[in-house]
Structure formats: C-alpha cells, structure tokens
Amino acid sequence: MAQNQLKTRYNDLKRSFEAKPSDLKKCGSLLAQLKIGLIETGLLTPQGEHNLDDLVVARDILEIGAIWSIRTRDVPSFDRYFSQLQTFYTDYSSVLPPSKNEYPIRGLNLIRLLTQNRIADFHTTLESLPIPADAIADNQYISHPVNLEQWLMEGSYSKVWNARERAPVEEYKFFVDSLMGTIRNEIASCEEAAYESLPLKDALTLLFFNTQSELLTFAQQRGWQVDLSKSTINFSRKGEEQVDIPKEKLISASLAYARELEQIV
C-alpha cells in the first residue's frame, strides 16, 4: 500500500471512529486494511529512522484499534494492539509528540490485568510507567486502576462498583463490569457456603445488581432455586450434591485398603 493510500484510509478511519456514534463495523474493515499497509511500510513494528509524521499516523491507527477493540468487546485484539503500541511508547517516546490516548490506553491495560487476576504483572507494569510514583495520583487514567486494585485487595467491593460511574473514559466501564462479574461469583460462593436461603432483596444488594431480572438470570446460571412467592433464593443444590456421595462404597474401599496394608506388614 502506497503512503498516500495509507493516509487516505487513515483519514477515513478517523472520520468513522469520531462519528457519533462510531461506525464500528467500518472501523474494523479499515483497521484490517491499514494493518496490512503498516506491515508493508515497516511501520507496524518500526525499527531505526522513519518519517516523524508517518510514525504519528501509525501510532494513531494502533491507538484507535486498541479503543475499537474494547468497544467491540474483543480483549485479545486489545492485547495485540497494546503490544504493538509498546514500540511507539518506549523506543520512540523521545522523538514523538505526546499522545492524548497513551495514558487512557495504559490505564485500560492495567484494569485488564486486574480482571485476569494478574496482580504481579499489574505492579510490574505500574512500576515501568514513565511517570514518577508520586505523580500517579494526579493522573486520572492511572489512579483509577490503582484505586481499583487497592479496593479489591481490601474487599471493598462497593467502592469498586461505585467507581464504575467515575471512570475517566467510557471504555473503562467494560473492564469494571468484568471485574464485577468476578466479584459476584466470589460473593455467590460465600453465600452458598454461609446460608441455606436469602431474601431476594438482600441478594440483590449483596451482589450489586440493579434489577431483579438481572439477579434471576444470575441465579439460574448458578443453579439456585428461586421461590418468587416467598421472594427467596435457596442454595440447596450444594447440599443435595453432598447427599449423593457414595459413603458405603468409600468405607468399603477404605477397609479393603487397610486389610491390604496389614497383610504387607
């Protein structure tokens, strides 16, 4: 792809991406074409000297791709775009002008690590950021995931939930929703172990759902029994599973094993 074609399609991509709402389907098609063009021009993973304007265009294409990936809920695609952006954010950081999307994307990557419970990678990535530790609190894109990690470690799940509405960019909410899914399953496991049943309104509050229909869908996925007439959820499934344990067979097997040990001695 010639440079003029690359820039023409890049301009088409910007228009489609900045439209209200974004034309995500067209963006996806243009991004696929543009990545081929970046490969052909040596700009996907650049090395050595390149025209400054071309590097800025390549970085912008990849940044749009990263944000487009979140808007289309394609996390593996986001991972690939973020990996490709590292060359621009590190090797060419001294020659390229600052990008307004760099820290929002870096913050998205940090939250992604949290959703995958990769806490060690989260801290390693945080320490490698090109900003002083005492300046993190002043960067809303980085302080947001840092606060989320602290609240998760504390078990302050209500703060994680409330932080969703204070996300610095809309795309952060996708990963916060994913975090809440993990949190809900942890809370649900505790409820199953601690209670035989709960009122629907209490379960709704504990699991941070906004509507009863969301709770009922979640209950069905967990195999819970819902009694709408009594407005309760019953966690009897695990108890029923325990009844099915073949106790007599286990005792017989243990006795046989003990007799074999006596013969050996």
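Taking the six-membered ring wherever Trp is involved, the centroid distance between the rings of F209 and F218 falls below 6.0 Å. Aromatic rings from F235 and W224 are positioned such that their centres are separated by under 6.0 Å.
Taking 4.5 Å as the limit, every side-chain heavy atom of S158 sits out of range of all side-chain heavy atoms of W151. The closest side-chain heavy-atom distance from Y10 to L30 is not below 4.5 Å. Looking at heavy atoms from C-beta onward, R222 lies in side-chain contact with S189 at the 4.5 angstrom threshold. Between Q212 and L228 the shortest side-chain heavy-atom distance falls below 4.5 Å. Side-chain atoms of T211 and L204, non-hydrogen and from C-beta on, never get closer than 4.5 Å to each other. Side-chain atoms of I233 and D227, non-hydrogen and from C-beta on, never get closer than 4.5 Å to each other. Within the 4.5 Å cutoff, the side chain of N117 has no heavy atoms near those of the T182 side chain. Side-chain contact between L108 and F175 is present, with heavy atoms from C-beta onward closer than 4.5 Å.
Within the structure, every pair that satisfies the salt bridge (charged side-chain N to carboxylate O under 4.0 Å, His left out) test and touches residues 83-111, not counting sequence neighbours, is listed here: E102-R106. For residues 15-28, the pairs satisfying salt bridge (charged side-chain N to carboxylate O under 4.0 Å, His left out) are D12-R15, with sequence neighbours left out. For residues 43-59, the set of pairs meeting the salt bridge (charged side-chain N to carboxylate O under 4.0 Å, His left out) definition, not counting sequence neighbours, comprises K7-D54. Identified under the salt bridge (charged side-chain N to carboxylate O under 4.0 Å, His left out) test for residues 199-208, with sequence neighbours left out: none.
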Could you pull out all donor-acceptor pairs under 3.5 Å where a side-chain atom in residues 135-144 meets a protein atom, sequence neighbours excluded?
from, atom 1, to, atom 2, distance (Å)
N139, OD1, Y141, N, 3.0
N139, OD1, I142, N, 3.3
S143, OG, N139, O, 3.0

If you look only at distance, which donor and acceptor atoms sit under 3.5 Å apart when one is on a side chain in residues 78-89 and the other is two or more places apart or in another chain?
from, atom 1, to, atom 2, distance (Å)
D79, OD1, R112, NE, 2.9
D79, OD1, R112, NH1, 3.3
Q84, OE1, K35, NZ, 3.3
Q86, NE2, F82, O, 2.9
Y89, OH, E63, OE2, 2.6

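Side-chain N or O atoms of E214 include one that pairs as donor or acceptor with a backbone N or O of N210 at under 3.5 Å.
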Step-by-step side chain to side chain donor-acceptor pair (under 3.5 Å) determination, S77 to S69: CA-CA 6 Å; S77 175; S69 298; 2.7 Å; yes
Evaluate the criterion side-chain contact (heavy atoms from CB on, under 4.5 Å) for residue pair T125 and N109; output intermediate values, then yes/no. CA-CA 9 Å; T125 302; N109 180 60; 3.9 Å; yes
What verdict does the side-chain contact (heavy atoms from CB on, under 4.5 Å) test give for L55 and N51, after you've listed the backbone C-alpha separation in whole Å, the side-chain angles of each residue and the deciding distance to 0.1 Å? CA-CA 6 Å; L55 288 170; N51 179 279; over 6 Å; no
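Residue L114 comes nearest to P145 through the heavy atom pair CD1-O, 3.6 Å, listed as atom of the first residue, atom of the second, then distance. Smallest separation of non-hydrogen atoms from Y172 and I111: CD2-CD1, 3.3 Å. For the residue pair P130 and Y103, the shortest heavy atom distance occurs at CG-OH, 3.3 Å. Here the shortest heavy-atom pairing between L152 and L179 reads CD1-CD2, 3.8 Å. In terms of heavy-atom proximity, I61 sits nearest to L38 at CG2-CD1, 4.1 Å.
Under the side-chain contact (heavy atoms from CB on, under 4.5 Å) criterion, L24 pairs with S22, W68, R71, T72, sequence neighbours left out. For D177, the side-chain contact (heavy atoms from CB on, under 4.5 Å) test picks out R164, with sequence neighbours left out. Qualifying salt bridge (Lys or Arg N to Asp or Glu O under 4.0 Å) partners for R184, counting only residues two or more places apart in sequence or in other chains: none. Shown here are the salt bridge (Lys or Arg N to Asp or Glu O under 4.0 Å) partners of E149, two or more places apart in sequence or in another chain: there are none. In this structure R9 satisfies the salt bridge (Lys or Arg N to Asp or Glu O under 4.0 Å) test with no other residue, sequence neighbours excluded. For R73, there are no salt bridge (Lys or Arg N to Asp or Glu O under 4.0 Å) partners at least two apart in sequence or on another chain.
From E170, atom CD reaches atom CD1 of I67 across 12.5 Å, with rounding to the nearest 0.5 Å.
Classification of the Y92-H50 ring pair by plane angle, with boundaries at 30° and 60°, yields perpendicular.
In terms of hydrophobic clustering, with Ile, Leu, Val, Met, Phe, Trp and Tyr side chains grouped at heavy-atom distances under 4.5 Å, I64 and I36 are assigned to different clusters.
The number of heavy-atom neighbours closer than 6.0 Å to CD of E40, taken from other residues, nucleotides and ligands shown, is above 12.
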